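Taking it in order: structure first as structure tokens, then the write-up.
Treat the numbers as computed from the prediction; the structure is a model and nothing was measured. Letters A, B, ... mirror the listed sequences (proteins, then strands); counts begin at 1.
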Amino acid sequence: MSDPRSVYGIMAEFDGPSELVEAAEKAHHAGYRKMDAYSPYPIEELAEAIGVHRTILPTLVLLAGVIGLIGGFGLACWTSAVDYPINVGGRPPISVPSFIPVAFETTVLLAALTAVFGMIALNGLPQPYHPVFNVPQFAHASRDSFFLCIEAADPMFDREATRKFLERLHPRSLAEVEP
Amino acid sequence: MADPAVKDLHGGPIIGPGHSFETVTEKISSVVLTPHTPVGWFFGFALAFGGLMMFLVAVTWLFVEGTKIWGVNQPVGWAFAIINFVWWIGIGHAGTLISAILLLFRQEWRTSINRFAEAMTIFAVACAGVFPIIHTGRPWLAYWLFPYPNTMAMWPNFRSPLVWDLFAISTYATVSVLFWYVGLIPDFATLRDRATNKVGRYIYGFFSLGWRGSARHWFRYETAYLLLAGLSTPLVLSVHTIVSFDFASGVIPGWHATIFPPYFVAGAIYAGFAMVLTIAIPLRKFYGLEDFVTMRHIDYMARVMLWTGLVVFYGYVMEVFFAWYSANQYEEAMMYYRWFGPYAWIYWLLIFCNGCVPQLLWFKQVRANIPALFGIAMVVNVGMWLERFVIVVTSLSRDFLPSSWHMFYPTKWDFMTYFGTIGLFCTLLFLFIRVLPMISIFEMRTLVPEAEVKKEAA
């Protein structure tokens with residue numbers, strides 16, 4: 001038996017989404033946690049199968065929205081009532097109805113920026129190099145193939161046992177992933 | 001109903017039969033990845049690029065001479081600039097509507113049209129953004145609108161609709177680009193993996209950010225996409241509402257109306273869907289995408305157009321009603337001038353284009369007839385432009401005092417700038433369909449029958 005650290009993991013290729021979800025469920029049930037599944041389009045059941053249930057993203061977006069709201073409204077108030085007060089048609093210095101459009105737009109802007117850049121950051125992107133790209137078949141993951149990769153970092157990972165386990169799931173192909 | 005095209009409108013599929021993951025991927029990405037560019041593309045691009053050059057000439061001369069080369073004067077100080085601005089912004093709205101609102105309502109038919117509709121949005125907003133900047137006469141000072149600490153110790157006036165506009169349009173443009181790009185990331189990964197030449201692989205690889213389709217990533221991706229859709233939905237409604245405030249917060253008869261926000265939003269969706277049809281009909285024909293943009297899509301778009309067209313027509317009727325019911329002599333005079341004044345022919349042409357012609361869409365046979373639909377969409381495009389002309393010019397040219405009445409006549413530079421932005425729009429569109437997948441590949445995969453996860457009976 002060789003050093004398990006010399007591989008990133010073992011990757012199995014499956015025929016379709018149903019097979020992949022089933023395999024992912026079985027692997028999760030068997031106790032594997034450090035694994036990932038790859039599919040060419042989002043599959044709702046798949047994240048569930050590998051044990052991903054929630055993300056902090058909506059909370060971040062809500063916070064950003066609140067900051068945007070306070071920031072936008074505060075900016076309008078501070079500039080128009082404190083730093084450079086001007087009387088426009090006798091309106092009060094803090095003209096709440098007039099300040100709503102800007103406050104609304106800054107809310108949406110900050111929340112949307114957080115949604116996108118938060119998603120990219122939480123996903124650890126951009127990441128030009130990743131071991132899974134070393135598997136030649138993996139080029140099909142962005143087209144029509146479905147992969148499950150059990151990583152060597154998993155405490156249960158054993159090169160032989162894990163390979164045998166994956167073989168029992170009837171994959172189309174099986175490959176060791178170089179780190 | 002013997003006509004198969006009419007039958008397709010209801011029970012028809014939203015994707016042609018016999019497609020698999022590979023055929024969907026192949027069909028859409030091969031338009032981009034082939035080294036062969038269709039001759040028709042060059043022809044269209046040359047025409048569009050000619051328009052863009054005309055735009056550059058018009059704008060350069062404007063910068064040299066100032067806004068006196070346009071037909072604007074007192075009291076019609078905005079004219080073509082604001083007409084075109086509102087027209088373009090309105091066109092953009094269908095893209096966001098399709099990508100955000102229809103996504104939230106889980107309308108699967110949006111999938112095959114959302115990508116190019118979003119592209120249309122971004123390009124339309126780019127065209128719209130030009131006008132407020134160039135109309136100022138001193139475009140190099142446009143940044144004064146931004147609230148930033150400056151040596152003049154001044155701030156923009158947050159009570160001004162033009163500052164609201166700045167925030168609305170820049171937010172809208174930013175969010176639209178983000179939405180578009182997020183949708184493109186997985187498709188960039190597909191193109192990266194399929195590209196045969198090295199440069200293509202590097203460029204698509206760069207923009208794909210190393211996307212690998214991990215389930216954890218998809219999970220956050222879907223969350224982010226839904227959140228963006230949720231944020232864009234009120235945004236798209238707010239943008240045209242704010243644009244309508246430019247008018248509604250004024251006191252000129254014909255502008256100062258509470259119907260404006262919903263009436264403008266409906267008009268925007270109306271104009272936008274007309275433009276989506278104007279683009280979709282030739283695209284599906286030239287690239288053989290009838291399997292993806294099916295008759296059912298076309299039919300749904302036609303129905304949205306009919307529905308929003310009726311809302312817009314309701315707006316026209318209400319304007320007449322307000323003028324009468326308010327018993328305000330200035331409002332009454334405004335309506336009288338619209339009907340019988342010097343610009344009356346434009347008003348009646350508008351009613352014909354936006355009110356009468358689209359009524360043909362009630363008939364199934366018309367909705368199943370591609371050339372007829374294309375014609376109606378073009379008529380609506382024109383009609384919506386005329387609507388903005390009527391709102392802006394007829395109201396401004398005859399305000400409260402007869403001594404300040406003045407007619408507006410556009411000059412050739414007005415027209416060159418306007419048609420020039422159509423050139424800019426088409427140039428961007430032609431470049432887009434050549435280098436980016438015009439239909440979302442990964443979302444189309446979810447429509448393929450084999451995409452569904454079959455749970456075995458436990």
Side-chain angles (χ1 to χ4, degrees), chain A residues 16-18 21-22 24 36-47 49-50 52 55 57-58 61 72 75-76 79-80 83-84 86 88 91 95 98-99 101-102 104-106 108-109 111-113 115-116 118-120 122-123 125-130 132-133 138-144, chain B residues 20-22 25 147 153-161 163-164 167-168 170-171 174-175 178-179 181-182 186 189-190 192-194 205-206 209-224 227-228 231-232 234-235 238 242 245 442-443 445-446 450-456:
Chain A
S18 313
V21 171
E22 202 190 321
D36 213 338
Y38 301 89
S39 60
Y41 59 89
I43 303 172
E44 221 172 302
E45 295 89 340
L46 197 55
I50 62 165
V52 179
T55 157
L57 196 59
V61 170
L75 178 74
T79 55
S80 316
D83 198 45
Y84 193 74
I86 36 172
V88 181
R91 291 182 188 87
S95 324
S98 303
F99 294 170
V102 169
F104 173 80
E105 298 299 331
T106 51
V108 171
L109 181 65
L113 286 170
V116 174
M119 180 271 287
I120 290 174
L122 290 172
N123 280 349
L125 300 173
Q127 189 176 16
Y129 177 79
H130 193 273
V132 290
F133 289 119
F138 194 74
H140 280 270
S142 63
R143 285 181 238 175
D144 54 356
Chain B
S20 67
F21 297 132
E22 185 57 31
T25 312
M154 286 198 297
W155 294 99
N157 175 15
F158 281 91
R159 300 175 192 94
S160 158
V163 172
W164 305 347
F167 275 87
S170 55
T171 300
T174 312
V175 174
L178 287 176
F179 210 175
Y181 178 64
V182 167
T190 301
R192 168 197 69 199
D193 293 342
R194 285 182 58 95
F206 177 81
L209 305 176
W211 184 261
R212 52 185 190 273
S214 146
R216 292 165 207 280
H217 290 186
W218 277 126
F219 181 65
R220 292 192 194 100
Y221 180 92
E222 289 273 271
T223 309
L227 286 170
L228 268 184
L231 290 165
S232 308
L235 178 68
S238 82
I242 291 177
F245 287 164
F442 86 90
E443 284 186 294
R445 287 191 196 112
T446 62
E450 61 190 280
E452 209 168 319
V453 176
K454 291 178 245 349
K455 282 273 177 190
E456 50 189 328

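At a 4.5 Å heavy-atom cutoff, the contact between Leu227(B) and chain A is made by side-chain atoms alone. Looking at Tyr129(A), there are no atoms closer than 4.5 Å to chain B (heavy atoms on both sides), in backbone or side chain. Proximity to chain B is limited to the side chain of Ile43(A), based on heavy atoms less than 4.5 angstrom apart. Heavy-atom distances place the side chain of Ile120(A), and not its backbone, under 4.5 Å from chain B. Interface residue Leu235(B): backbone and side-chain heavy atoms are both found under 4.5 Å from chain A.
Top candidate by heavy-atom pairs under 4.5 Å with chain B, chosen from Thr55(A), Ile50(A), Ile86(A), is Thr55(A). No other option in Phe133(A), Phe138(A), Phe99(A) has as many heavy-atom pairs under 4.5 Å with chain B as Phe133(A). Of the listed residues (Ala168(B), Ser160(B), Ala153(B), Ala189(B)), the one with the most heavy-atom contacts under 4.5 Å to chain A is Ala168(B). If you tally non-hydrogen atom pairs under 4.5 Å between each of Gly205(B), Pro161(B), Gly210(B), Pro186(B) and chain A, the highest count goes to Gly210(B). Options Val102(A), Asp83(A), Leu46(A) differ in how many heavy-atom pairs under 4.5 Å they form with chain B, and the most are formed by Val102(A). With respect to chain A, the highest number of heavy-atom pairs below 4.5 Å among Val175(B), Thr25(B), Leu178(B) belongs to Leu178(B). Interface remark: of the candidates Arg216(B), Glu222(B), Arg212(B), Arg212(B) forms the most heavy-atom pairs closer than 4.5 Å to chain A. When each of Gly118(A), Gly72(A), Pro128(A), Ala112(A) is scored by its heavy-atom pairs under 4.5 Å with chain B, the top score falls to Ala112(A). Interface summary for chain B: among Ala49(A), Pro40(A), Ala47(A), Ala24(A), the most heavy-atom pairs under 4.5 angstrom belong to Pro40(A). Considering only heavy-atom pairs separated by less than 4.5 Å from chain A, the leading option among Ser214(B), Pro234(B), Pro156(B), Ser232(B) is Ser214(B). When each of Ala37(A), Pro42(A), Ser39(A), Ala115(A) is scored by its heavy-atom pairs under 4.5 Å with chain B, the top score falls to Pro42(A).
Side-chain contact check for Thr190(B) versus Arg194(B): some heavy-atom pair is nearer than 4.5 Å. Side chains of Leu75(A) and Pro147(B) form a contact here, defined as non-hydrogen atoms less than 4.5 Å apart. A heavy-atom distance below 4.5 Å is not found between the side chains of Thr223(B) and Met119(A). At a threshold of 4.5 Å between non-hydrogen side-chain atoms, the residues His140(A) and Asp193(B) do not count as touching. Counting heavy atoms from C-beta on, the side chains of Leu209(B) and Tyr181(B) come closer than 4.5 Å. Counting only heavy atoms from C-beta outward, the side chains of Ser98(A) and Trp164(B) approach each other to under 4.5 Å.
The side-chain contact (heavy atoms from CB on, under 4.5 Å) test with Phe167(B) is passed by exactly one of Leu109(A), Val108(A), Thr106(A): Thr106(A).
Taking the ring centroids of Phe442(B) and Trp211(B), they lie at or beyond the 6.0 Å cut-off.
Atom CD of Gln127(A) sits in a crowded spot, with more than 12 heavy atoms from other residues, nucleotides or ligands closer than 6.0 Å.
Residue Leu228(B) comes nearest to Val182(B) through the heavy atom pair CD1-CG2, 4.3 Å, listed as atom of the first residue, atom of the second, then distance.
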